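Structure first, commentary second.
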Amino acid sequence: MKRVLFVVGLLTLTASVAMVSRAALFNWVKTAHDFGRIEQGKPVTAEFRFTNQGELPLLISQAKGSCGCTGVEFPKAAVMPGASGVIKATFNAATVGQFSKSVFVESNAEGGTMTLYVKGEVLKAAP
C-alpha cells in the first residue's frame, strides 16, 4: 500500500511540474504613445521598447497597423531571454484632425497577441 501511495504521489508531482509551462514574456517600457500635435504631411515614429523576460526565445511572427497609415518595423530574429528589442510604428500624418491607431503584435509570448497604441492631433500644414 505504501508503494502504491508513493507511486501515485510521484506521478502527481511529475504532472504538476509538467504543467508549469515555460514561455517567452514581453516586458514593455510603454504600450502607448501620444505624439501630441504634429504637422500635416510629416510622418512621425514611436518606438516601443521591450525586454524578453521569459525563459524561451521571443519570436514576433507579425506586427501590423490598424490601417494603411501606420507602418510597422519589428525584429525578425528571435529575441533571446534577457535581451531587448524595439517595435517602431510610423504614422503618416496626411489627414487633419485627431487620430488614435493600434499596432497588433503577434508572437509566441505569453498571451499571444499584444496591442500597442499611438494617438495625437494632426494640424494643417503652414502654407
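Since we're looking at a predicted model, the values are computed, not measured. Just so you know, these numbers use all the heavy atoms, side chains as well, and skip hydrogens, waters and symmetry mates.
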The reported gap from OG1 in T45 to NE2 in H33 (rounded to nearest 0.5 angstrom) is 9.0 Å
Of V79, V29, N52, T51, the one forming a side chain to side chain contact (heavy atoms under 4.5 Å, CB included) with S84 is T51
One should read off an interatomic distance between Q62 CD and F104 CZ, to the nearest 0.5 angstrom, of 11.0 Å
In terms of heavy-atom contacts, A32 and F48 come closest through N-CE2, 3.7 Å
Is any side-chain heavy atom of L25 less than 4.5 Å from a side-chain heavy atom of P81? no
For A23, is there any backbone N or O sitting under 3.5 Å from a side-chain donor or acceptor partner on E55? no
Minimal heavy-atom distance between V122 and E39, with the atoms involved, is CG1-C, 4.3 Å
Taken in chain and number order and not counting sequence neighbours, the residues that satisfy side chain to side chain donor-acceptor pair (under 3.5 Å) with T115 are none
Shortest non-hydrogen pair, R49 vs V86, comes out as NH1-CG2, 3.0 Å
The reported gap from CD in E110 to CG in L58 (rounded to nearest 0.5 angstrom) is 11.5 Å
Looking only at heavy atoms, the pair that brings V96 and Q40 closest together is CG2-OE1, 3.4 Å
Query raised in the report: Is the gap between the ring centers of F91 and F35 under 6.0 Å?
Result: no
- prompt: With a 4.5 Å limit on heavy-atom distance, are the side chains of T113 and V105 in contact?
  reply: no
Shortest non-hydrogen pair, L56 vs R22, comes out as CD2-NH2, 3.1 Å
Is the count of non-hydrogen atoms from other residues, nucleotides or ligands lying under 6.0 Å from K76 atom NZ greater than 12?
-> yes
Examine V72 and M114 and state if one hydrophobic cluster contains both, with Ile, Leu, Val, Met, Phe, Trp and Tyr joined whenever side-chain heavy atoms are less than 4.5 Å apart. yes
### Query
Counting only heavy atoms not in K30, do more than 12 fall under 6.0 Å of its NZ?
yes
Interatomic distance, CD@E47 vs CD1@I87, rounded to 0.5 Å, equals 11.5 Å
Worksheet item: Any side-chain heavy-atom pair from V44 and V118 closer than 4.5 angstrom?
Response: no
Whether the side chain of S61 engages the backbone of E106 through a donor-acceptor N/O pair (distance < 3.5 Å, no angle test) should be reported.
yes
On a heavy-atom basis, the closest approach of K101 and C69 is CE-SG, 3.6 Å
Contacts of N92 meeting side chain to side chain donor-acceptor pair (under 3.5 Å) (sequence neighbours excluded), chain-then-number -> none
Residues passing the ring pair (Phe, Tyr, Trp, His ring centres under 6.0 Å) test with F50, sequence neighbours excluded, are F26, W28
Next item on the list: Verify the cluster assignment for I38 and L116: are they in a single hydrophobic cluster under the rule of side-chain heavy atoms below 4.5 Å apart?
Entry: yes
